[in-house]
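Here's the structure, in structure tokens; my notes come after.
Because only heavy atoms are used, hydrogens play no part in the values below, and waters and symmetry mates are left out as well, while side chains stay in.
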Amino acid sequence: MTLQISTTHISLIQRHGEAAYPEEGAGLILGRELDGRKQVSKLLFLENSRETAARHNRYQLTAEDYIKGELDAAQHGLDILGVFHSHPDHPNTPSEFDREWALPQLSYIITSIRQGKAVESRSWVLHEDRSGFLPEEIQIK
């Protein structure tokens, strides 16, 4: 599976992570899956609902956030394709916490933010047996 995303959308994800620094920022990725490709059409920027003391290395999206995402996606003829979040001063690889809370088939774009500046974004998909993540190709167009 390949995730197709515009330079504008990837830039917005990175800016969101920079704005949230030194906490993790997060949101939902909306779009369509066509011919084995996930095509990003819209981003939904959300508040990190995690308790304040843990926001530097954890994010939480609530059930209400996912409902909001489903409603927004349906209104535009889209689906929730995944989640994006930032890792302040850490690599853009999924943590054990990320694995425990991830849902299969969704894309997880993680952006490494170093000293307040976005370094790189990568996408991951949870393995079917939930044992870990597989890298997902990002095509920036």
Please check if any side-chain donor atom of [X] sits under 3.5 Å from a side-chain acceptor atom of [Y], or the reverse.
| X | Y | value |
| --- | --- | --- |
| Asp98 | Tyr59 | no |
| Ser6 | Lys141 | no |
| Ser95 | Arg99 | no |

A quick test of your reading: do over 12 heavy atoms of other residues, nucleotides or ligands sit less than 6.0 Å from [atom1] of [X]?
| X | atom1 | value |
| --- | --- | --- |
| Glu33 | CD | yes |
| Gln115 | CD | no |
| Lys42 | NZ | yes |
| Arg58 | CZ | yes |
| Glu47 | CD | no |

For this session: Look at the rings of Phe45 and His16 and say which category their plane angle falls in: under 30° parallel, 30 to 60° tilted, over 60° perpendicular.
Result: tilted
Original post:
Any side-chain heavy atom of Leu43 sitting closer than 4.5 Å to one from Phe84?
Top reply: yes
Connected to Val125, directly or through other members, by ILVMFWY side-chain contacts below 4.5 Å are none
Residues joined to Trp101 in its hydrophobic cluster, side chain to side chain under 4.5 Å directly or through other members, sorted by chain and number, are Phe97
_Test your reading of the model: is there a side-chain donor-acceptor pair from Arg55 to the backbone of Gln60, 3.5 Å cut-off?_
no
* What's the verdict on side-chain hydrogen bond (donor to acceptor under 3.5 Å, both in side chains) for Glu136 and Ser123, showing C-alpha distance, side-chain angles and the deciding distance? -> CA-CA 5 Å; Glu136 181 178 50; Ser123 188; 2.6 Å; yes
Worksheet item: So Glu120 and Thr111, side-chain hydrogen bond (donor to acceptor under 3.5 Å, both in side chains) or not? Walk me through it.
Response: CA-CA 6 Å; Glu120 180 187 30; Thr111 300; over 6 Å; no
For His87, the ring pair (Phe, Tyr, Trp, His ring centres under 6.0 Å) test, sequence neighbours excluded, returns His85
In sequence, state the C-alpha distance, the side-chain angles, and the governing distance for Leu44 and Asp72, and then conclude on side-chain contact (heavy atoms from CB on, under 4.5 Å).
-> CA-CA 9 Å; Leu44 187 59; Asp72 192 314; 3.9 Å; yes
With a 4.5 Å cut-off on side-chain heavy-atom distances among I, L, V, M, F, W and Y, is there a chain of contacts connecting Ile138 to Leu106? no
